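The structure appears below as structure tokens.
Just so it is clear, the structure is predicted and the values come from calculations on it, not from any experiment.
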Amino acid sequence: MPQLTQKYRKQEIETKLAKFYSVMNQALKQSISENGEISFDTSEFTNNKNAEYVKKWFQINITKYIKTLKTEEYNGTYYKAVFNDGSTFNSYLRISSGGTDATALYIFYCVNSSHCEYGKFDGINSFLFVYKPNKQVIEPDITNSTHEAKMQSCSNNDASYRHACAALIQENGWKVPDDYPWKF
């Protein structure tokens, strides 16, 4: 029975990660088609209004094109959206030290919303994605590393440093590789 449960969890993660990646990027393509290039206007951005800013950005550019059950802001920092399949993401925008350019829009995708913590990713229940304005896509973090570097990141004992777990699965065709460091 444990092997069957593990196999199901593995398939659920593979399916949901691939779907999330596809749905989010399709929404971006639709938005770009209607509105042109997507960027960040940070002239009105303040750290204490991060969630409000990110919510507005997502509503204009993403969630307008996909179905969500609910959205919410948390602690002035995170914006969260829950999908029909029970998965969710929470996100925040990090601004460069100069304060004028977006450094990164971090997206923490959770396979199951009941196991989702704000700003956390463990490579088991939650995975880190980043919106890349220069490419106009959402993709796993650390996609430009070697397989070994991704494995090292994903294998970290401190879950807050497992940046590359989604990238490892993506490079294997959205299938959890046999050498994946965590069991489901």
Side-chain angles (χ1 to χ4, degrees), residues 13 15-143 159-167 170:
I13 287 165
T15 301
K16 286 186 175 182
L17 281 174
K19 180 181 175 186
F20 175 75
Y21 175 79
S22 175
V23 166
M24 294 295 277
N25 282 301
Q26 285 300 322
L28 279 172
K29 286 179 185 177
Q30 286 180 287
S31 182
I32 291 166
S33 174
E34 284 184 24
N35 307 311
E37 186 174 308
I38 298 172
S39 61
F40 297 103
D41 175 9
T42 58
S43 60
E44 297 180 29
F45 178 87
T46 61
N47 278 331
N48 64 341
K49 301 247 185 208
N50 198 324
E52 186 179 306
Y53 180 90
V54 173
K55 177 182 180 180
K56 183 178 176 183
W57 187 89
F58 269 101
Q59 287 175 334
I60 292 168
N61 299 302
I62 304 285
T63 55
K64 175 182 176 181
Y65 303 98
I66 57 178
K67 195 168 190 102
T68 57
L69 290 177
K70 70 177 185 174
T71 63
E72 62 186 46
E73 297 173 38
Y74 176 73
N75 200 26
T77 303
Y78 296 99
Y79 167 71
K80 178 180 179 179
V82 179
F83 298 111
N84 293 342
D85 66 359
S87 65
T88 189
F89 74 83
N90 59 73
S91 185
Y92 79 92
L93 184 65
R94 181 174 161 228
I95 301 297
S96 69
S97 58
T100 56
D101 298 317
T103 300
L105 177 65
Y106 293 103
I107 304 164
F108 308 94
Y109 175 70
C110 303
V111 175
N112 184 322
S113 62
S114 65
H115 295 99
C116 197
E117 294 182 56
Y118 289 94
K120 302 287 181 184
F121 48 93
D122 61 11
I124 300 166
N125 297 303
S126 52
F127 300 85
L128 182 60
F129 287 79
V130 179
Y131 171 66
K132 301 198 175 180
N134 60 329
K135 293 180 166 183
Q136 299 282 290
V137 297
I138 291 171
E139 57 186 29
D141 197 18
I142 310 183
T143 55
S160 62
Y161 291 102
R162 296 180 190 162
H163 294 248
C165 293
Q170 181 192 35

Pairs flagged by salt bridge (charged side-chain N to carboxylate O under 4.0 Å, His left out) wherever [range] is involved - sequence neighbours left out:
range	result
residues 126-141	K132-E139, K135-E139
residues 106-119	none
residues 71-82	K55-E73, K70-E72

Donor-acceptor pair, [X] side chain versus [Y] backbone, under 3.5 Å?
X	Y	result
N75	T77	no
R94	A104	no
T88	A81	yes

Could you tell me which non-hydrogen atom of [X] sits nearest to which non-hydrogen atom of [Y], and how far apart they are?
X	Y	result
I66	A27	CG2-CB, 4.0 Å
C110	S126	SG-CB, 3.8 Å
A167	P140	N-CB, 3.4 Å
Y106	S91	O-OG, 2.5 Å

- Task: Test R162 against I124 for side chain to side chain contact (heavy atoms under 4.5 Å, CB included), laying out the working first.
- Result: CA-CA 10 Å; R162 296 180 190 162; I124 300 166; 4.2 Å; yes
- Working to the nearest 0.5 Å, report the span between CD of Q136 and CD1 of I32. 4.0 Å
- Message: I need the I13 CD1 to S87 OG distance, nearest 0.5 Å.
- Response: 12.0 Å
Pairwise side-chain contact, [X] with [Y], heavy-atom cut-off 4.5 Å (strictly under):
X	Y	result
H115	D122	no
Y109	K16	yes
I107	F58	yes

Pairing residues for [X] by the side chain to side chain contact (heavy atoms under 4.5 Å, CB included) criterion, not counting sequence neighbours:
X	answer
N25	Y21, L28, V137, I138
N61	S31, I38, W57
A18	W174

- Task: Please work out which of the three classes, parallel, tilted or perpendicular, describes the rings of F89 and F83, given edges at 30° and 60°.
- Result: tilted
- Query: Where does the angle between the aromatic ring planes of Y118 and Y78 fall among parallel (under 30°), tilted (30 to 60°) and perpendicular (over 60°)?
  - Reply: tilted
- Message: With a 6.0 Å cut-off on the ring centroids, do F121 and F127 count as close?
- Response: no
Taking only residues two or more places apart in sequence or in another chain, which ones pass side-chain hydrogen bond (donor to acceptor under 3.5 Å, both in side chains) with [X]?
X	result
S160	D158
T63	none
Y79	none
S33	none

- Task: Check salt bridge (Lys or Arg N to Asp or Glu O under 4.0 Å) between E37 and all other residues, then give those that pass, not counting sequence neighbours.
- Result: none
- Message: Restricting to salt bridge (Lys or Arg N to Asp or Glu O under 4.0 Å), what partner residues turn up for K64, sequence neighbours left out?
- Response: E34
